[in-house]
Amino acid sequence: MQVSHAPALTPVFDDPNLVSAAGVASVMRLADAAGLASLLDEQLTLPSPNRTAKARTVIAGMLAGADDIDGMDILRSGGMKRLLAGVRAPSTIGTFLRKASHGHVLQLAAVNRALVEGLACHVPGLIGPGGPVLVDLDDTIGEVHGYRKQGAAYGYSGVKGLNAMVAAVSTDQSAPVISDFGLRRGNARSGDNADWYLSRTLRLVGAIAPNRDVLVRADSAFCTYDTIAATVRSGAWFSVTIPSWRTVTDAIGGIPDDAWEPIEYPDAIWDADAGGWVSDAEVAEAPFTAFTSRKKDERVRCRLVIRRVKRLNPRSRGQDALFDTYRYHAFITNSSLDTVTADRRHRGHAIIEQVIAELKDGPLAHLPSGVFQANAAWIAFGVIAFNLSRAAAHAAGIGKARMRTIRDRIIRVPARLATRARKLVIHLPARWPWQQPWMRLWEAATGPPGAGII
């Protein structure tokens, strides 16, 4: 492709009617239809003038691609201030975030949960209609540099940073939305207070998907009595990877050879522990009692499901004879699913890694402040922006599209503003490849609940 040379090109930044992210208006209208503005007015008490306008500025800026405070200036270029009323300057946003306390972050978490409820009502399909509701727990380290970040420390990954907890809700038909979150010190253990986040998530699931089977999935860092007990109290199933405790290895050693059932994966999966791609494995299960060191009434009777795969080079591992040939992956569950299905469901927990990757590819690329609670508030707004992009994807008819895809195809659309008959007209590019999804989102955002949604 050759750049036109006739006539000569002369760039001039002088058009006040151009906008670089016309789709932000659609997503923010969808947000307000689901109650965002009223939720911020009612629940956020952060002591700052025009706090709702500032909160909306942060969310809209993140949707447009801003991953730091200065990036919010994208909303003040060209005609963006005509498209989005009440945009605030980055300097005031920084002050606004630094005024946040732990209580204000909890208020934003409550706003997020209520917004998910509103979006689920306004956008059918945000929570798929069939099958179990899947709840995934995980945490990640947001890397930081320097010595001025409050709470930064070296955690389990060996990276200096802050620890972010994420709980996500999904179904077979719908991509995950983030139900709860939290920012913790960098050296926090993954499972610390996970039951608290989980309990809030399960209450939300009960509101948006009543009378459905719920399966809670997590890795071995969350295999604690408190997390399992919170799941059982709510009436949900759990499927949690279990560490190689002595009781686990004893149970595996007691499984007879003819009890192993072969399974094949439609697509090969990467097994980091085995060091290669795996296309087949074997599964078995045994009755199991977890947390035997606790009081008798706190011990959890469940199923131990084990998947084993052959090692690529068994002689390179210095372990006992039981593990010379196979690599074992064990998890505990109280579900009624058969062994193979339970294993498949458990492996689906990897979906939470995609959620975290999307956040780090967007609003969580940076933790912009040296103040811990300011960064916690930043994450809260990033989660709200993530959930709005997910709802926008469903409304546009491309439900499992990633946040970056929504940003590139639906949000970051250039346009020219014009006034006609006292109406603001948005002139969008002719032959835009994703015109129909854009218009479906617009109809859903400006119409009654369910309008324009496939």
Side-chain angles (χ1 to χ4, degrees), residues 127-138 167-174 176 179-180 191 194-195 197-206 208-245 247-248 251-252 254-255 259-266 269 281-292 294 298-309 328-353:
I127 304 298
V133 180
L134 308 168
V135 175
D136 291 284
L137 292 175
D138 206 352
V169 176
S170 63
T171 67
D172 292 338
Q173 300 84 22
S174 59
S179 54
D180 213 346
D195 57 309
Y197 297 98
L198 177 59
S199 296
R200 300 200 302 179
T201 289
L202 292 174
R203 286 195 293 270
L204 173 62
V205 170
I208 61 179
N211 304 317
R212 299 270 294 275
D213 291 332
V214 180
L215 178 65
V216 176
R217 303 183 294 198
D219 61 29
S220 60
F222 297 88
C223 189
T224 65
Y225 171 77
D226 290 338
T227 302
I228 300 299
T231 306
V232 173
R233 283 195 301 269
S234 72
W237 292 336
F238 58 81
S239 180
V240 180
T241 303
I242 190 167
S244 298
W245 296 335
T247 52
V248 175
I252 295 174
I255 297 176
W260 293 95
E261 182 178 357
I263 57 174
E264 293 185 1
Y265 304 124
I269 62 172
E282 294 177 314
V283 292
E285 69 170 85
F288 188 74
T289 301
F291 314 111
T292 54
R294 301 185 69 90
E298 293 181 345
R299 297 172 186 176
V300 178
R301 296 186 180 276
C302 54
R303 302 159 59 197
L304 179 69
V305 179
I306 311 99
R307 180 175 77 256
R308 70 179 186 180
V309 296
Y328 292 80
H329 306 262
F331 64 93
I332 55 174
T333 184
N334 63 339
S335 74
S336 60
L337 304 173
D338 64 79
T339 308
V340 173
T341 303
D343 175 70
R344 178 177 61 82
R345 284 292 184 193
H346 184 74
R347 284 186 283 110
H349 172 62
I351 196 171
I352 190 68
E353 297 176 6

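The first residue in the sequence is number 1, and the count goes up from there.
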I need the minimum non-hydrogen distance between [X] and [Y], along with the two atoms involved.
{"X": "Val216", "Y": "Val240", "result": "O-CG2, 4.5 Å"}
{"X": "Thr289", "Y": "Arg301", "result": "OG1-NH1, 3.6 Å"}
{"X": "Gly130", "Y": "Thr171", "result": "O-CB, 4.4 Å"}
{"X": "Ser220", "Y": "Ile242", "result": "CB-C, 4.3 Å"}
{"X": "Ser335", "Y": "Thr333", "result": "N-OG1, 3.1 Å"}
{"X": "Ala194", "Y": "Phe222", "result": "CB-CD2, 3.6 Å"}

Within-4.5 Å side-chain heavy-atom neighbours: [X] and [Y]:
{"X": "Leu204", "Y": "Arg200", "value": "no"}
{"X": "Pro129", "Y": "Gln173", "value": "yes"}
{"X": "Leu137", "Y": "Thr227", "value": "yes"}
{"X": "Phe288", "Y": "Thr247", "value": "yes"}

As an exercise, state the distance from [atom1] of [X] to [atom2] of [Y], rounded to the nearest 0.5 Å.
{"X": "Ile127", "Y": "Ile208", "atom1": "CD1", "atom2": "CD1", "value": "4.0 Å"}
{"X": "Ile263", "Y": "Thr339", "atom1": "CD1", "atom2": "OG1", "value": "10.0 Å"}
{"X": "Arg347", "Y": "Arg307", "atom1": "CZ", "atom2": "CZ", "value": "6.0 Å"}
{"X": "Glu282", "Y": "Arg308", "atom1": "CD", "atom2": "CZ", "value": "4.5 Å"}
{"X": "Asp138", "Y": "Glu353", "atom1": "CG", "atom2": "CD", "value": "6.5 Å"}
{"X": "Leu304", "Y": "Glu285", "atom1": "CG", "atom2": "CD", "value": "8.5 Å"}

- Decide side chain to side chain contact (heavy atoms under 4.5 Å, CB included) for Arg344 and Leu337; before the verdict, give the C-alpha distance in whole Å, the side-chain angles of both, and the deciding distance to 0.1 Å. CA-CA 10 Å; Arg344 178 177 61 82; Leu337 304 173; over 6 Å; no

Any sub-3.5 Å donor-acceptor pair from [X]'s side-chain atoms to [Y]'s backbone N or O?
{"X": "Thr241", "Y": "Phe331", "result": "no"}
{"X": "Ser174", "Y": "Ser170", "result": "no"}
{"X": "Asp136", "Y": "Ala168", "result": "no"}
{"X": "Arg217", "Y": "His346", "result": "no"}
{"X": "Thr231", "Y": "Ala236", "result": "no"}

- Item | Qualifying residue for side chain to side chain contact (heavy atoms under 4.5 Å, CB included) with Trp237, from Val135, Val214, Val232, Asp213 | Asp213

- Message: Out of the candidates Leu198, Thr201, Leu202, only one should pair with Ser179 under the side chain to side chain contact (heavy atoms under 4.5 Å, CB included) rule; please name it.
- Response: Thr201

- Message: If you apply the rule side chain to side chain contact (heavy atoms under 4.5 Å, CB included), what do you find for Phe238 with Val300, and how did you get there?
- Response: CA-CA 11 Å; Phe238 58 81; Val300 178; 3.9 Å; yes

- Message: Set out, in order, the CA-CA distance, both residues' side-chain angles and the distance that settles salt bridge (charged side-chain N to carboxylate O under 4.0 Å, His left out) for Arg345 and Asp172, then state yes or no.
- Response: CA-CA 10 Å; Arg345 284 292 184 193; Asp172 292 338; 2.6 Å; yes

- Task: Just jot down the side-chain contact (heavy atoms from CB on, under 4.5 Å) partners of Ala229, sequence neighbours excluded, or say none.
- Result: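 For Ala229 the side-chain contact (heavy atoms from CB on, under 4.5 Å) partners, ignoring immediate neighbours, are Tyr225, Arg233.
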
